[in-house]
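What follows is a short report on a single structure.
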Amino acid sequence: MSNQKINVEYLLILEGKDNFCSNNLTFDNFLMTNSDLSLKGDYIEYKELKVEYKVQFEEMEDNKRSIHVYFSCENEVDINQYEQFLRVIRSVFYKISKDIHTLRDDISFHYAQLAYPKIHQTENLMRKLITKFMIINVGLSWTEKHVPKEVKDAPGNSKEKSNVNYLYTLDFIQLSNILFKEYSPFNTSELLEKIKNSDNNDDVPLTYLKKFVPASNWERYFSEIVDSEAEYLKNRWTELYSFRNQVAHNNILSKDDYEKIDRYVTEIKEKLDKAIKNIDKIKVSDEEKEIISSNIILEDKNDVLPEFNSEFNTLKKYFLNSYWIVDEILAKIILKNLNESIDKDELMEIVNSSLEEKVEKLEKEEVLVSEKLLLDFKNIIRVRNFLIHVENSDIIEENDIIGMRNSIKKLKRLKTYLEAIYV
């Protein structure tokens, strides 16, 4: 993790406005009813862990009140022990309130940072397998008849590159459809016509009927060389897709979620690596090449939305430019507020540091003290770190566009606030 502290915040909603847990003293005493916790000044000690702690009390409407509890640890802390501490804390909270909201969870951010590269690499491995299969086993000519014209004519697409670029317009789930979506290799109208014109059972033999049974490309070409059922991989890929959205859109990610991601990635990678290694063992007839090509396009032609990538790249540039402007504003704030407290060389080193390091220094020097402001900075830093790993060929979905627009709005608000208050 970065040098910033690991912060977790909870908001408890209580019924009634009596004196129970209505101030620091009574709330502290309530927490200490758990023998695993001990209070030492502004810190709670749990086993070898020392957690910074503070609490705020607010009256609400409808005969309710809120308790806002803040916990903070140094980033070198044992994450597992910090999570154990928070489980104990939540168990204590549930004794007085069933209405508990998580306002901030940097532990979730920690696991999201670990998870994203794993998911990204696995998606690229799947794309590698499909691209290699289509080029080596099906051949380059499939694009001439089947790739949509709008993909062929897209800016930057040469005729030779259109096959690869088409595969890169398919999103996380569409990729799995190429391998796991079942389809019949023949038009069922032929079968229906034959049945219609038959006079007895012998006219439509079982061997003929079996030709029309739907099967996936994985079942046809990969299951034997990899020794894995299609359903096994498809289910894990679908689960990974759900986690991918969870990570990309800043939803809470627990340790259990991360461990599932790690397990799914390991299991999927093992099968995909084996498939790539043995791809030369796959034999595809000319008739099958035509069937594979047409079914890939038929499955996904209505879902190819290259405009998402174009809009996302525009928003990405706008976000990074705005991020740079906010970085420049922070440099001015540092020059204005710290020029007398530190020497010139150190001052210039901080001015030329990253935005994340500037925020850490200003927080340490108590120039930036607003918890909401610091949380906003953490969020935009996370978005920026996500963006620098996103390539132009990555698949963009509608939720990514919405997320980018919201992040840009947040950056604009930050810029306006910093200029009004600090510059």
Side-chain angles (χ1 to χ4, degrees), residues 115-116 118-134 136-138 167-188 191 206-207 209-248 251 253-254 256-285 287-289 291-304 395 397 399:
Y116 177 75
K118 292 176 180 286
I119 296 172
H120 185 69
Q121 289 164 11
T122 307
E123 181 177 358
N124 283 341
L125 190 63
M126 174 72 89
R127 208 178 300 280
K128 175 182 176 180
L129 170 62
I130 294 170
T131 302
K132 193 171 181 181
F133 173 69
M134 294 303 297
I136 293 176
N137 300 94
V138 178
L167 293 174
Y168 271 84
T169 64
L170 305 182
D171 68 19
F172 201 92
I173 284 298
Q174 288 172 319
L175 282 174
S176 70
N177 287 343
I178 293 178
L179 291 182
F180 305 125
K181 182 78 172 181
E182 294 182 347
Y183 63 91
S184 176
F186 301 103
N187 193 326
T188 54
L191 173 61
L206 183 61
T207 53
L209 290 173
K210 284 185 174 180
K211 292 198 309 180
F212 294 87
V213 175
S216 67
N217 284 326
W218 186 270
E219 292 172 287
R220 298 175 199 274
Y221 305 109
F222 292 96
S223 58
E224 289 188 8
I225 65 171
V226 178
D227 188 27
S228 175
E229 295 293 329
E231 203 64 22
Y232 172 91
L233 269 181
K234 182 181 178 181
N235 289 342
R236 281 154 180 75
W237 191 262
T238 303
E239 287 291 325
L240 200 59
Y241 174 68
S242 176
F243 283 125
R244 181 261 184 203
N245 290 339
Q246 207 170 319
V247 170
N251 292 330
L253 194 76
S254 68
D256 287 343
D257 292 335
Y258 172 71
E259 289 176 346
K260 286 180 183 177
I261 291 171
D262 192 49
R263 186 172 73 252
Y264 290 148
V265 164
T266 300
E267 292 171 350
I268 293 170
K269 183 178 184 300
E270 178 190 355
K271 304 302 181 185
L272 296 184
D273 280 338
K274 193 171 182 180
I276 292 170
K277 182 179 179 181
N278 293 286
I279 206 165
D280 59 322
K281 297 178 181 178
I282 297 174
K283 304 300 178 186
V284 183
S285 68
E287 183 182 24
E288 289 173 324
K289 290 176 183 179
I291 292 170
I292 292 169
S293 303
S294 60
N295 273 281
I296 287 176
I297 305 303
L298 286 171
E299 172 63 32
D300 296 305
K301 67 180 180 181
N302 293 323
D303 296 322
V304 177
I395 299 306
E397 300 174 358
N399 284 340

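In terms of the ring-ring contact (aromatic ring centres under 6.0 Å, His included) criterion, residue partners of F133 (sequence neighbours excluded) are, by chain and number, Y221, F222. Residues passing the side chain to side chain contact (heavy atoms under 4.5 Å, CB included) test with T238 are K234, sequence neighbours excluded. Among residues two or more places apart in sequence or in another chain, the side-chain hydrogen bond (donor to acceptor under 3.5 Å, both in side chains) test is passed with N235 by none. Shown here are the side-chain hydrogen bond (donor to acceptor under 3.5 Å, both in side chains) partners of Y183, two or more places apart in sequence or in another chain: N217. Listed by chain and number, the residues in a side-chain hydrogen bond (donor to acceptor under 3.5 Å, both in side chains) with E239 amount to none (sequence neighbours excluded). Looking at residues two or more places apart in sequence or on another chain, you find a side-chain hydrogen bond (donor to acceptor under 3.5 Å, both in side chains) between N278 and K281. Shown here are the side chain to side chain contact (heavy atoms under 4.5 Å, CB included) partners of S223, two or more places apart in sequence or in another chain: W218. Checked against ring-ring contact (aromatic ring centres under 6.0 Å, His included), Y264 has no partners two or more places apart in sequence or in another chain. Contacts of D256 classified as side chain to side chain contact (heavy atoms under 4.5 Å, CB included), with partners at least two apart in sequence or in another chain: S254, E259.
With rounding to the nearest 0.5 angstrom, the CE atom of M126 is 7.0 Å from the CD1 atom of I268. The OH atom of Y258 lies 12.5 Å from the CZ atom of R263; values are rounded to the nearest 0.5 Å. Atom CD1 of residue I119 and atom CD of residue Q246 lie 9.0 Å apart, to the nearest 0.5 angstrom.
Between I279 and L129, some side-chain heavy-atom pair lies under the 4.5 Å cut-off. With a 4.5 Å cut-off on side-chain heavy atoms, V265 and L240 count as touching. At a threshold of 4.5 Å between non-hydrogen side-chain atoms, the residues M134 and I130 count as touching. L253 has its side chain within reach of I261: a pair of non-hydrogen atoms, C-beta onward, lies under 4.5 Å apart. A 4.5 Å side-chain heavy-atom check between L125 and I276 finds at least one atom pair inside the cut-off. Within the 4.5 Å cutoff, the side chain of H120 has heavy atoms near those of the N124 side chain.
Applying the salt bridge (charged side-chain N to carboxylate O under 4.0 Å, His left out) rule to pairs touching residues 264-277 yields R236-E267, K269-D273, sequence neighbours excluded. Residues in residues 216-226 take part in no salt bridge (charged side-chain N to carboxylate O under 4.0 Å, His left out) pair, two or more places apart or across chains.
When every heavy atom of S228 is checked against every heavy atom of L233, the shortest pair comes out as OG-CG, 4.3 Å. What you find for D262 and T266 is that their closest heavy atoms are O-OG1, 2.8 Å.
Environment of CG in D280: crowded, with over 12 heavy atoms of neighbouring residues, nucleotides or ligands closer than 6.0 Å.
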